[in-house]
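Each remark here refers to the structure printed beneath this line.
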2 protein chains.
Amino acid sequence: MSSKSGADSSRRTRRGVTSVDVAAAAGVSQATVGRVFSSPGKVSPATRDKVQDAAAQLGYVPNVIARSLKSQRTNIIGAVVPAFGEYWQSVLTEFSRQLATKDRQLLLFSFAEPGDVDGVLASVAQYRLDGLVLASATIGQDQLIQMRESGRPVVAFNHPAATGIVPSVSVDNEAGMSRLAMHLINTGAREILYVGGVSSASTDQTRYRGASRTLGEHGVACTYLEAGAFTYEAGYKVAQNIVERQPSPDAVMVSSDEVAFGVHDGLRAAGVQVPADLLLTGFDGLSQSAWAGFDLTTLVQATDVLVARAIEVLLTDDRPPESDPVSVVVPGTIRYGKTTAKTP
Amino acid sequence: MSSKSGADSSRRTRRGVTSVDVAAAAGVSQATVGRVFSSPGKVSPATRDKVQDAAAQLGYVPNVIARSLKSQRTNIIGAVVPAFGEYWQSVLTEFSRQLATKDRQLLLFSFAEPGDVDGVLASVAQYRLDGLVLASATIGQDQLIQMRESGRPVVAFNHPAATGIVPSVSVDNEAGMSRLAMHLINTGAREILYVGGVSSASTDQTRYRGASRTLGEHGVACTYLEAGAFTYEAGYKVAQNIVERQPSPDAVMVSSDEVAFGVHDGLRAAGVQVPADLLLTGFDGLSQSAWAGFDLTTLVQATDVLVARAIEVLLTDDRPPESDPVSVVVPGTIRYGKTTAKTP
DNA sequence: ATGTTCGATGACTACGTAAGCATTGAATCC
DNA sequence: GGATTCAATGCTTACGTAGTCATCGAACAT
C-alpha cells in the first residue's frame, strides 16, 4: 500500500500543490521553498536541490495570483484596443511579443464601440495591472485623466490628443503626413483631396493638419472628406465621391492604409487608374501596403520601435510626482510605391 | 484641520482602498462590505446605500487578485497564439470580443517560434486561468497532454491533430477543402497543384487530405508543394516554382488565404493570368479575400461561430471524468470569387 | 577558550477578499 | 408573555506567497 502513497499525494495535487506541500516533502519550512524560487542565492545548494526535487516530483508551480497579492505586482500589462482594424491588431501582436521577452503578459481589453470604453476602464481598474496601454485614438480626455488618477503607469499609444495628459508614444503623425504632402507636390499634384477615417480620432486630426499646413504653404488646394470608419469598405465606398468630385483632384491622401486600400480598389472599380489618373498615399505602413497588388506609397511606422518605447515608458515609471508626462515621438519612414510613381 | 481629514484618507488611497477602509467609513464590518459587492440581496437597503456611498466616496474598487486567491477563479482565459498571421489575429480579436461580453478577459501568450511553446506553457501554468485556448495547429501531442493534465479546462482551436486528446473546435477542414476540389473539377481542372503552408501544421495535413482524396476519387492528378510558411511572402516566392512546373497545372489550391494572396500576386508578376491561365483557391475566408484586388474563391470559416463554440466548451466544462474529450466541427461556406470563374 | 560575525533557516504575519459560523434584535406564534 | 424564527450583521479564518525578524550553528579572530 505504501506504493500508493505517490498516487495519494497526487490526489491532493488536483487542486493545486502549494509551497507548503513542497516544504513538507522536502523537510524544510515554507519560507525556504519560497526562497528557492525567488532568491535561490540565499539557499545552500544542498537544500536547494532537495527542494527542487520535491517541487518537480509534486509538480509544484508557484501561484502568481498569491504572489501578486503579496507583492502588489502582477507582471501583467493591460491593453485597451479597438476590436477591429489591421493596424491595431499588428500593434497588439507586437506588444505581446515584446512583453513576452520581459516576462510580462498582456491582458486584452478590446472594445467595439467608443461608448464601451467606460465599461472597459471600470473593468480595468479591478485588475491591479502593472501598467496600461491605451491604444486608441478616440479615448476621451476625461477618460485619460481618470486613468492617470488611477496611480498606475499608463501610456497612450499613437493618440496625439493624449499628449500632456498622460505619457504618450506616437509616430510623428504631423511631420509624416507633411512629408507625404511634399512628395505629392514634387510629383506635380496641385488639387489634392484628403480622405480621413473618423474625424474624431486624434490621429486623423493631426495627420490632416500636417497635410493641410504643408499644402497651404505651397499654395496647393486641399479638401477634407470623411470616410466614416477606418475600414476597407469605407474607403471603397468613398471612392465613388472622389470620382464625381469637381474640380477632379489629381491626388488623394488617405489617413490610413486600410482605408487607402479600399479607395484604391474603389477607384479602379470606377475606372480610375492609379497612378495614371490619380496619385494615392496611405499612412501606417501595414504589411499589405507592400503587396504587389497595391504597392502603396505610405508612411511606415516602425511599430517595433514605437512599442519598445511604449514599454520602456511603462516599466521605467520614474515620474517625478507632478512633472509633465513624457511624450515620445518617433519619426516615420516614407515608402515610395507605384501609387505615386511619376508617369511619363 | 479637521477639514484636512478628507485629504488625509485619500493619501492612503494612493496605494489601494480596501474593503476594510470602506467598512470603517461606512461604520460596518468588512464582511458586510464584501456582501454588498458579491450578494447585495443579503444586505438591508439602508446599509447597502451607506456602503455604496462610502465606496464611491473613497473610490473603492474590489481587488480581483485577492478575490481570485480566495475563490480559485480568475475570470481570465488564456490564449496561446502564434505571433504572426492574419488568421490568428482575427481569431484572437474575436475571442476577446466575445469573452468581454461574458465578463471574462483574455490573457495573451504569443509565441514566435514553435520551440517557444514550451516556455509559454510553463508560464501559462503559473496563472490559475479559468481556461486555456490553444490556437495553433503546430502544438505537439505531448504538449497537449501536458495541458490536459493541468486539470484546467482547455480547448484546441482549429488543430485537427488535437482531436481526441483535448476538447477541440475546428472548422471542417477536410470537407471544406474537398468541396473546393469538387468545385475545381466541375470548373474543368484536371491537373491540380496543392500548395501547403507548413506541412507539420495539422490543418495543413487535414486540408490536403480532403483535397487529394476527392481529387483521387475523380481521377484528377494532385501534387503537394510546401511554401514553408503561412505568409504572403512564402506564397509569392513559391509562385515561381508553379510557373516552371511541368506538366503545367490548370489550378492551384492553397492551404490558406494569406499564402494564396502571395501566390496570386506572384503569379501575376510572372505573367500568369488568374483565372484565365490558372484557377486559384484559398482557405480561411479572411476579410481580404473579398477585396476587389483578389476576389478569391475560398472556404469561409464562421469565426464567430467557431469562437462561440470554443468558449462554450471552455466554460461549460462538464467532462465526466474519463470520457472522451468533445470535438466540435463547424462546417464552412464556400465563397465563389473570380479566381475560379469559368472563362468562356 | 570565548566573543564576533555571518550564512542558513524557521516562525510569523500581511496582502484583500469571501465564506462559514456566531450573534443580535425584532417579528411571529401559541 | 415567553418561545421560536429569521433576517441582518459581525467575527474569524483560509486562500498561497514573500518579506521581516529571530534563531542557530559554524567559522573566524583575539
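This is a predicted model, so every value here is computed, not measured. So that the names make sense, note that chain A is the first sequence line, chain B the second, and so on, each numbered from 1.
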For [X] and [N], is the shortest distance between a side-chain N/O and OP1 or OP2 below 4.0 Å?
X: A:Q72; N: D:dA18; result: no
X: A:T32; N: C:dA8; result: no
X: A:S44; N: C:dT9; result: yes
X: B:S29; N: D:dT9; result: no

Compare the minimum distances between each of [options] and the side chain of [X], then state the nucleotide with the smallest one.
X: B:A66; options: C:dG16, D:dT17, D:dT9; value: C:dG16
X: B:Y60; options: D:dT17, C:dT17, D:dC11; value: C:dT17
X: B:A31; options: D:dT17, C:dA19, C:dG16; value: C:dA19
X: B:K70; options: D:dT17, D:dA8, C:dT17; value: C:dT17
X: A:T18; options: D:dG16, D:dG10, C:dT9; value: D:dG16

**Item:** Heavy-atom donor-acceptor pair, A:Q30 side-chain to C:dA11 base, under 3.5 Å
**Value:** no
Could you check how far [atom1] of [X] sits from [atom2] of [N], rounded to whole Å?
X: A:I65; N: D:dA18; atom1: CD1; atom2: P; value: 13 Å
X: B:K42; N: D:dC6; atom1: NZ; atom2: C1'; value: 13 Å
X: A:N63; N: D:dA14; atom1: CG; atom2: C1'; value: 14 Å

Under 4.0 Å, counting only non-hydrogen atoms across every strand here, what does [X] touch: a base, just sugar-phosphate, or nothing?
X: B:S71; value: nothing
X: A:V33; value: nothing
X: A:T47; value: sugar-phosphate
X: B:V28; value: sugar-phosphate

**Item:** Distance-minimising heavy-atom pair for B:R73 and B:D130
**Value:** CA-OD1, 3.5 Å
**Message:** If you assign each of A:S39 and B:R35 to its closest nucleotide in DNA chain D, which residue comes earlier from the 5' end?
**Reply:** B:R35
**Item:** Qualifying residue for side chain to side chain contact (heavy atoms under 4.5 Å, CB included) with B:V328, from B:V169, B:V305, B:T163
**Value:** B:V169
